[in-house]
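In what follows, every heavy atom counts, from backbone to side chain, and hydrogens, waters and symmetry copies are set aside. Just so it is clear: chains get the letters A, B, ... in the order the sequence lines come, proteins before strands, and each one is counted from 1.
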Amino acid sequence: MTVPTRVRVLAFARIAELLGAREEELALGPNPRVEDAWSALAQRNPELTVLKPSTRAARNGRIAAFDEPLADGDEVAFLPPVGGG
Amino acid sequence: MTVPTRVRVLAFARIAELLGAREEELALGPNPRVEDAWSALAQRNPELTVLKPSTRAARNGRIAAFDEPLADGDEVAFLPPVGGG
Amino acid sequence: MLRIAREPIDPKAVEARVLSENCGGVVTFLGIVRERADDGRSVNGLQYEAFDEMAVSEFETVAAEARERFGNVNVAAEHRVGELRVGEVAVVVSVAAEHRDEAFAACRYAIDELKRRAPIWKKELYVDGGGEWKANACNGT
Amino acid sequence: MLRIAREPIDPKAVEARVLSENCGGVVTFLGIVRERADDGRSVNGLQYEAFDEMAVSEFETVAAEARERFGNVNVAAEHRVGELRVGEVAVVVSVAAEHRDEAFAACRYAIDELKRRAPIWKKELYVDGGGEWKANACNGT
């Protein structure tokens, strides 16, 4: 029996608008990577797909590559190109 | 009979301290120049002499050379090196 | 050193955080909502949002870099989030230093890097309806 | 655009004079009395005096030059005279522009030229008594 890896996803700006939420819990399969969290979202929201090249990810508050592994309880954030100031 | 040329002298900072005044009236001889106003002051206050190379003059609010002529009623200011800001 | 503000910013309070006994120069930058976007469209205002914790820690890194580059400078900043109208202050960066050279250079560095790196987003809200998320030039590292 | 102040300066009031509808960036410089002079001596404060009319007209020239060099910038300044204690604001220069590049450049230009050219004088008042009139580097034109 496979135990799912639960992660909390944070979304911002256009990504949050497309998802209709700034935050959600995802249950991923075994040995998931950042990539898998993104794919789970993009499957439900195909408009996200074109945004991937410009999106950066952060794992537990630090910039992370899309192939970085995720652990149960991790927080993954997806960050569109920034526009502060 | 010679009519004196009356000018108002403004002094600042160290120059004013040496003169003991920030402002005075001078009666100069005929066809005076900025130079003559300075000399009149320096005669009474020899300590001014060494300051001349670093002093700029202004006539009626505009920077003036020491050989610029003065007219009756002019205002002459002697400006030490500035230190604002 | 970066504070994310949900209410109007008081630039004087940011300045007050950088003043110290031997500072001779303070440079403060205010970023203000303009009535025209860069492409010329008229806006009613801007909407900002931030990933607060990460914006704060990224700006700590920026401030540390500023001290490495420009010496003993004090840096503080505040960035507002939510809906802002034209004329309101979106961001304040204040730097105090012994001399003005470093204060100018460090303030410029801090606002440039904040704009480039802090996870903060801006949506232009157009007078004729709708809105668009706008990225700064030179995003990322 | 330069005001000679005989009372403490309110930097916010100077800033308010440069704000306009399409300015996106405001840079403000504060010059503050330091406890140590450049040669390391401790001061109680500074004494400033100005040739008011000429300082004002010289700064008008500086502001016009800033607009020639940096485009549509609004410039305002205030310089205090009299006796100032450590920590008090001696001078404020504020510049608003559409973008921060010009605001930073014009503010830097304006304070540099004010220090170099405006007929304003400064005496350091030492903790151990006495005082000395101090000139800025690069006086005159």
**OP:** Among the options C/Asp101, C/Val26, C/Val95, C/Leu19, pick out the one with the most heavy-atom pairs lying under 4.5 Å from chain D.
**Re:** C/Val26
Original post:
With a 4.5 angstrom heavy-atom cut-off, which part of D/Asp38 approaches chain C: side chain, backbone, both or neither?
Top reply: side chain
Subject >> Pairwise side-chain contact, D/Arg100 with C/Ile111, heavy-atom cut-off 4.5 Å (strictly under) >> reply: yes
**OP:** Measure from the side-chain N and O atoms of C/Glu88 to the backbone N and O of C/Arg85, and report whether any donor-acceptor pair falls under 3.5 Å.
**Re:** yes
Original post:
If you count heavy-atom pairs under 4.5 Å with chain C, which of D/Val27, D/Asn22, D/Val93 comes out on top?
Top reply: D/Asn22
**OP:** Using atom types as modelled and distance alone, determine if a side-chain donor or acceptor of D/Arg3 lies under 3.5 Å from a backbone N or O of D/His79.
**Re:** no
Original post:
Looking at CZ of C/Phe59 and CD of C/Glu78, how far apart are the two atoms once the value is rounded to the nearest 0.5 Å?
Top reply: 11.0 Å
**OP:** Sort out for me which of C/Glu21, C/Arg36, C/Arg108 touches chain D most, counting heavy-atom pairs under 4.5 Å.
**Re:** C/Arg108
Subject >> Distance-only donor-acceptor check, side chains D/Glu15 and D/Ser94, under 3.5 Å >> reply: no
Subject >> Greatest number of heavy atom pairs closer than 4.5 Å to chain C - which of D/Ala103, D/Ser20, D/Cys23 >> reply: D/Cys23
**OP:** Please determine, among D/Asp112, D/Val33, D/Val89, the option with the most heavy-atom pairs under 4.5 Å with chain C.
**Re:** D/Asp112
